[in-house]
S.K.: 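Take a look at this one; I'll ask things after.
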Amino acid sequence: MAIKSILIIEDDRFIGEMYVRSLKKAGYDVDWMVDGNDGLIAARNKPYDVILLDVMLPERRGSEILQILRGGAQDLIPNSKVIVLTNFDQAEESRLAMEHNADGYLIKAEITPKKLISVIEKMDTGR
Amino acid sequence: MDNGYTKRQRERYVEVEKKSAEDEQLNRFWPHYRRKARFVVLLAQTLVCALIIAVIVIVYPTVPLEAWLLIAVITLIALASSIIAANVILRPLKDLSSALTHVAGEQSPLPPPNLNDSYYTRNQMRPLLKLIYDLAMAEGDGAAAKEDTASDAVSIDVKSELNHTQTGIVMLNPAGEIVYANKSAPVHIDANGKKTLELIFDVDPSIEDWLKERGEHDIHAEHSWRRIASKLTGEEGRRLYDVFVSYEKGSQAEAVISLFDRTDEYQPEDDDLDFIAFAAHELRGPITVIRGYLDTLNDELADKTDGDQRELFQRLIVSANRLSGYINNILNASRFDRRHLKIHMSELSIGDIYETIADDMQMRAVAQQRMLAVDLPDGLPTVAADLNSMSEVMANLIDNAIKYSNDGGTIEVTANVNGDFVEVTVTDHGIGMPANVIANLFHKFYRSHRSRETVAGTGIGLYISKAIVESNGGKINVKSVEGHGSSFTFSLPIYSTVANKLTAHGANNQDFVEHSSDGWIKNHGAFRG
């Protein structure tokens, strides 16, 4: 599948804008939601190819969003890849739970937009 | 005998007491009376039947056999119907006595009459039952108050006194519902008025599970939990309790829960741990943006900057990367200190580990005019290691070597097999250390007296590196000659030598590491220490 549309759920304005800028430059269609509720609604309303999900979000935590989307009996976003992007040092249990339901789990401070794009490209080629 | 009774007299007295106590039980009335009533009804019915038969025999001396059979059947029907009639007539009596038995608190095989049963409305009996229940409630309060005054010389209002204690007291009925909670108890009341205990059990079993188990197996049991929080970390009004539960099957308050508020004792430690995770989160935010845009600008401005400016960019990038690495060290050290450092072993080559940091390390070396010579032989066996944490160890050692060597110096990274381990050595030809420094080198915050003046650093890198290497089942050592440089060596177990243990224990370090690292790190699964 060719990855085209990307949803970013990120409350830090600088970080959000940085990803939006780089991903748009790289040719992706990007939507950006700032709070957890809007993020969840967006993820359910439109089939994105990739969802970049922060953990510490206002209104609704990333872990909760992921649980709703992927944790139930039915995968609500079967055609989307989810990459958790966080700077928060989560407890082991919650981190493993999120990793289980996500396709990637990355520390934001360790990932520059360039590296993020290469991660998405690797997903695209199915590697 | 001091009270003048002989032993025999006293025994008799006790016997009579016991007997009269039994006699006074309300639940004895109904079975006894029903037996008597049935007997009377049956006797009367039998008498009537006998009279009729006698009359028939006198009037018709030759009764045919068929008629006798008929008479027998009719007699049986008459007896049965009189029993049924007696039951119907006696039901109000049964219900009244059963209601009285229940309000008196005695054991009864009969369920207490339900006021909402239409039977009572139809028979105009409801007010009677209601009166019994109402009287019992009024009487119950009075009796309880009387009992209190009787048992204590000074009258004490237990409920209000319990509201003054710092200890939370909660009582649960057999259905697990809260029937009493004092003021200090962490109880949440929802919109429907339903009360629930506000405790987060992140350990097994939870209080509900434990009580459920008890209901099936025990009559009397006790259990305690330490350090149970009322709310999630970071939420306002979070308290930490030691919880004690005693369970007594059949009591009205089947479970009595005591909650000892130990927040003052547990909180400071907890705050420290949370503080580090939150501080790291805050620090990483700006670092994300700095690293991200530096990388972006470095690319976008590549053909607009001259050599000098490009070097400044490299220094910015290296510094930002270092900062990020230090934060990882702090987080790892905090995880390790609270026994929360978990590693996930997989089969890796030393090259795999170095690969993740290669670009960064080369850049750091170049930015500080060092030569980084990495020579990892191709034929090395794979090791069992955690990729993330081991690459942080390698980065720490190379970063140290860069820091403590001189401009233009060479840092060598080599690897070799030694027994069941692959050893990796990072050598610098820098300032080195005297022997007395080496002894303290892996302690937290320790730095050589000389280096303190010339180089910056947190002094946490070697401490956490040792912790990580040993968690991976390896060892870390240092050789150093003052003025000539140092060489740090860490070892990792060859994968094939531990593959069996890894698959047996799963790919985390719990049991595996305990056996292979002198027990330095114990059970990482337990959050509390």
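These numbers come from the heavy atoms of this one structure, side chains and all, not from hydrogens, waters or symmetry mates. Everything numeric here is computed off the predicted structure, so don't read it as measured data.
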S.K.: Which pair of heavy atoms, one from B:Tyr293 and one from A:Met18, lies closest together, and at what distance?
M.R.: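 Scanning both residues completely, I find the closest heavy atoms to be OH-CA, 3.3 Å.
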
S.K.: Distance check, rounded to the nearest 0.5 Å: B:Ile327 atom CD1 versus A:Asn87 atom CG?
M.R.: 8.5 Å

S.K.: Counting only heavy atoms not in B:Gln362 (residues, nucleotides, ligands), do more than 12 fall under 6.0 Å from its CD?
M.R.: yes

S.K.: Within a radius of less than 6.0 Å around CG of A:Asn45, do more than 12 heavy atoms belonging to other residues, nucleotides or ligands occur?
M.R.: yes

S.K.: Taking atom NE2 of B:His281 and atom OG1 of A:Thr86, what is their separation to the nearest 0.5 Å?
M.R.: 5.5 Å

S.K.: Side chain, backbone, both or neither: which part of B:Asp299 has an atom under 4.5 Å from a heavy atom of chain A?
M.R.: side chain

S.K.: Specify the closest pair of heavy atoms between A:Pro113 and B:Gly292, including all atoms of both residues, with the distance to one decimal.
M.R.: CD-CA, 3.4 Å

S.K.: Among A:Lys108, A:Lys115, A:Glu17, A:Lys25, single out the residue with the greatest number of heavy-atom pairs under 4.5 Å to chain B.
M.R.: A:Lys108

S.K.: A:Thr112 and side-chain hydrogen bond (donor to acceptor under 3.5 Å, both in side chains): which single residue from B:Asp295, B:Asn298, B:Thr288 fits?
M.R.: B:Asp295

S.K.: Measure the spacing between OG1 of B:Thr296 and CZ of A:Arg21 and express it to the nearest 0.5 Å.
M.R.: 6.5 Å

S.K.: Given a strict heavy-atom distance threshold of 4.5 Å, which part of B:Asn328 is in contact with chain A: side chain, backbone, both, or neither?
M.R.: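 When you check distances to chain A, only side chain atoms of B:Asn328 fall under 4.5 Å.
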
S.K.: Relative to chain B, which segment of A:Leu116 carries a heavy atom at a distance below 4.5 Å: side chain, backbone, both, or neither?
M.R.: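 Looking at A:Leu116, nothing touches chain B.
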
S.K.: CZ of A:Phe14: more than 12 outside heavy atoms within 6.0 angstrom?
M.R.: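 Not buried by this count: 12 neighbours or fewer within 6.0 Å.
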
S.K.: Please report the shortest heavy-atom distance between B:Ile287 and A:Ala109, naming the atom on each side.
M.R.: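 Closest heavy-atom pair between B:Ile287 and A:Ala109: CG2-CB, 4.3 Å.
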
S.K.: Salt bridge or not between B:Arg284 and A:Glu110? Use side-chain N to carboxylate O under 4.0 Å.
M.R.: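 So B:Arg284 does not pair with A:Glu110 through a salt bridge.
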
S.K.: I want to check something: taking the side chain as every heavy atom from C-beta on, are A:Phe88 and B:Glu282 in contact at a cut-off of under 4.5 Å?
M.R.: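 Answer no - side chains too far apart.
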
S.K.: For the CZ atom on A:Arg13, are there more than 12 heavy atoms of other groups (residues, nucleotides or ligands in this structure) within a distance under 6.0 Å?
M.R.: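 Count not over threshold, so no.
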
S.K.: Who among B:Pro286, B:Ala280, B:Gly285 has the most heavy-atom pairs with chain A under 4.5 Å?
M.R.: B:Gly285

